[in-house]
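Reading through the structure tokens given below for one structure.
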Amino acid sequence: MDYALKIIEQREFFDSGITHDLNFRKKQLMQLKAAVEKYETAILDALYKDLGKSEFEAYSSEIGLVYKEIDFVYKNLHKWVKEKRVPSPLTIFYSRSSILRVPLGLVLIIAPWNYPFQLLISPLIGAIAAGNCITLKPSEISSNTTKVISAMISEFFAENYISIAEGDGVVVVPELITRGSFNHVFFTGSIVVGQQIASLCAKRLIPYTLELGGKSPAIIDKSANLKVAAKRLIWGKLFNCGQTCIAPDYVLIEASIYADFVQELINAAKELGADDFNHAGKIINKRQFERLISYLQHGKIIFGGAIDEENLQIGLTIIENPDFDSALMHEEIFGPILPLVKYASYNELIEILNINRYPLAVYLFSNDRKFREKIIHQLESGAIGINNCLYHFVNHNLPFGGVMYSGNGHYHGKFSFDVFSHPKALVRSSNFPDFSVKYPPYDKLKLKLLKLFT
Ligand code: NAD
């Protein structure tokens, strides 16, 4: 595939200025919505084939979110593209200052396999809204969904505006970044590949956004409503079989309520049918399945542990006393396995949390206001959910993104528009007056005036 040629065509199209036009952008957003509507059944089928996603999960976390995001951006875009007036200091009198958000140019969006539709199309919405030309790189691992997305994009958009680069990321992505002359790379995926993307971009000074993973902890304080906390946690872990970047990875439980909470977790797991494969989706492939199975020996299984190798299914498995030196407690689990850890004091809690610092999310279950405030301010994480799991992802009024190892940059709603546009500073000055005080030669009087008026 000659990516270089496609990129040249996209550059020509971008330079024509067509994508700068607000009406063009709004029309493309509606075009995208029509495309998703036409392909909705095919997308649902593909998500079932790739991940065994139920229609409920697939609609709520992939297709429905995309519709909502398109409508929100469409409705608000006219406000975001407007030049924003800002005050000017006296030193540049008589001038008018403003900020204009302009398109970046050509952007590359790279997506992973776990929410293969939504994680590719959601950033695309922001990139269209901001007036860019786009190359999409879906995951080759969720191959059924990728095939459908490819057909959908090719049918509804011209290649010199939005194109698809399919294939093995190891080969395709470096080729795209080294030959593509992109103005921005937006990557969602693992930390290891994120590092490679960052270094590929750094060599060419291409700005990038990294939406990465990591181990997002849940904390159960003794003041928490244990029943509600247990149910919400199990729900958050079961969603997409735990293959969610913001899934609760492991749980820290205050020692005095440990036994009670474990019982509530088991009750909740049974209530939500976690011991029955029929309700569950599947692990994406054999490689991930085997990685997860190897974690089962890193602690004591107190619930679940069932596996179905033929259908790549793993039942929700709760593990006590996990080995802190094992991969289970160092790598992102990304599957339906939930290790439990007891903590006795605040200091011990922070010590344990700092082993896997900078998570994408923290879930804190507590009804103690002081304790909550302490955690909110002390922990460095992309987001904090109080008495909930995963909720922040679906609110397009919130920025979604990580810190340090869990990524940099944010998107969703207006934040997506911002990430794919550049805030251009504008200063418009009149020819008069043209005070001589700013021009050399400088003397004491001019310095005095400068100090007086600035
Ligand atoms: P991955 O990093 O292996 O792959 C992501 C994308 O990068 C794919 O399109 C792939 O083709 C490409 N790629 C793979 N190897 C590459 C290489 N060497 N050079 C360049 N590109 C390469 O991630 P994955 O396994 O598809 O997804 C799982 C990871 O993604 C988890 O760590 C998860 O936490 C993370 N994730 C993060 C978010 C978020 O929003 N922060 C969302 C979903 C998933």
Side-chain angles (χ1 to χ4, degrees), residues 3 50-51 61-62 65 69 108-123 126 135-143 145-146 149-150 164-180 182 185-201 203 206 208-216 239-249 283-289 291-292 327 330-335 356 358-361 381-383 390 392-394 398-412 415-416 419:
Y3 297 119
D50 284 330
L51 288 144
S61 63
E62 305 242 27
L65 279 182
E69 180 94 356
L108 170 63
I109 298 174
I110 306 165
W113 52 259
N114 62 330
Y115 291 85
F117 181 74
Q118 189 264 123
L119 290 172
L120 189 71
I121 304 300
S122 177
T135 300
L136 297 169
K137 161 65 185 79
S139 172
E140 67 280 17
I141 292 174
S142 41
S143 57
T145 312
T146 290
I149 295 173
S150 187
I164 287 256
E166 281 189 66
D168 183 353
V170 179
V171 180
V172 172
V173 172
E175 166 113 357
L176 278 167
I177 297 179
T178 48
R179 303 187 61 196
F182 287 103
V185 173
F186 186 99
F187 172 81
T188 305
S190 61
I191 295 176
V192 175
V193 177
Q195 285 169 326
Q196 292 169 26
I197 300 293
S199 67
L200 281 168
C201 288
K203 281 194 195 116
I206 300 171
Y208 54 82
T209 303
L210 300 178
E211 300 287 339
L212 309 178
K215 289 179 89 64
S216 296
F239 212 88
N240 202 22
C241 279
Q243 300 168 111
T244 303
C245 58
I246 48 167
D249 187 282
I283 305 304
I284 183 81
N285 59 21
K286 187 107 182 162
R287 190 169 147 240
Q288 295 295 333
F289 179 83
R291 178 183 65 81
L292 288 164
H330 284 284
E331 288 173 5
E332 178 181 9
I333 296 175
F334 223 52
N356 295 293
Y358 307 114
L360 190 53
S381 63
L390 319 184
H392 63 286
F393 188 84
V394 299
L398 291 173
F400 182 79
V403 281
M404 288 289 290
Y405 308 132
S406 53
N408 61 64
H410 302 93
Y411 75 124
H412 286 185
F415 303 97
S416 292
V419 92

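We count ligands from 1, going down the list as the structure has it; atoms in each ligand are counted the same way.
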Nearest to [atom], what protein heavy atom do you find, and at what distance?
atom                    : value
atom 12 (C) of ligand 1 : G169 CA, 3.9 Å
atom 7 (O) of ligand 1  : F187 CE1, 3.4 Å
atom 10 (C) of ligand 1 : E140 OE1, 3.7 Å
atom 18 (N) of ligand 1 : Q196 OE1, 2.7 Å
atom 9 (O) of ligand 1  : A111 O, 2.7 Å
atom 16 (C) of ligand 1 : V193 CG1, 3.4 Å
atom 39 (C) of ligand 1 : C245 SG, 3.4 Å
atom 34 (O) of ligand 1 : E332 OE2, 2.5 Å

Regarding S122 and Y115, do their side chains bring together a donor and an acceptor under 3.5 Å, going by distance alone? no

Under 4.0 Å from a heavy atom of [X]: give me the atoms of ligand 1 that qualify, with their elements.
X    : result
W113 : 24 (P), 25 (O), 26 (O), 27 (O)
N114 : 43 (C), 44 (C)
T188 : 5 (C), 37 (C), 38 (C), 39 (C), 40 (O), 42 (C), 43 (C)
I110 : 6 (C), 7 (O), 9 (O)
G213 : 34 (O)

Just heavy atoms, cut-off under 4.0 Å: does [X] contact ligand 1 by side chain, backbone, both, or neither?
X    : value
S406 : neither
I246 : neither
E211 : both
V192 : neither

So is G402 touching ligand 1 or not, going by heavy atoms under 4.0 Å?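 Contact check G402 vs ligand 1: negative.
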
Do any non-hydrogen protein atoms sit less than 4.0 Å from atom 4 (O) of ligand 1?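 Under 4.0 Å from atom 4 (O) of ligand 1, zero protein heavy atoms found.
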
Proximity winner for atom 23 (O) of ligand 1, if only heavy atoms of G214, P116, S190 are counted: S190

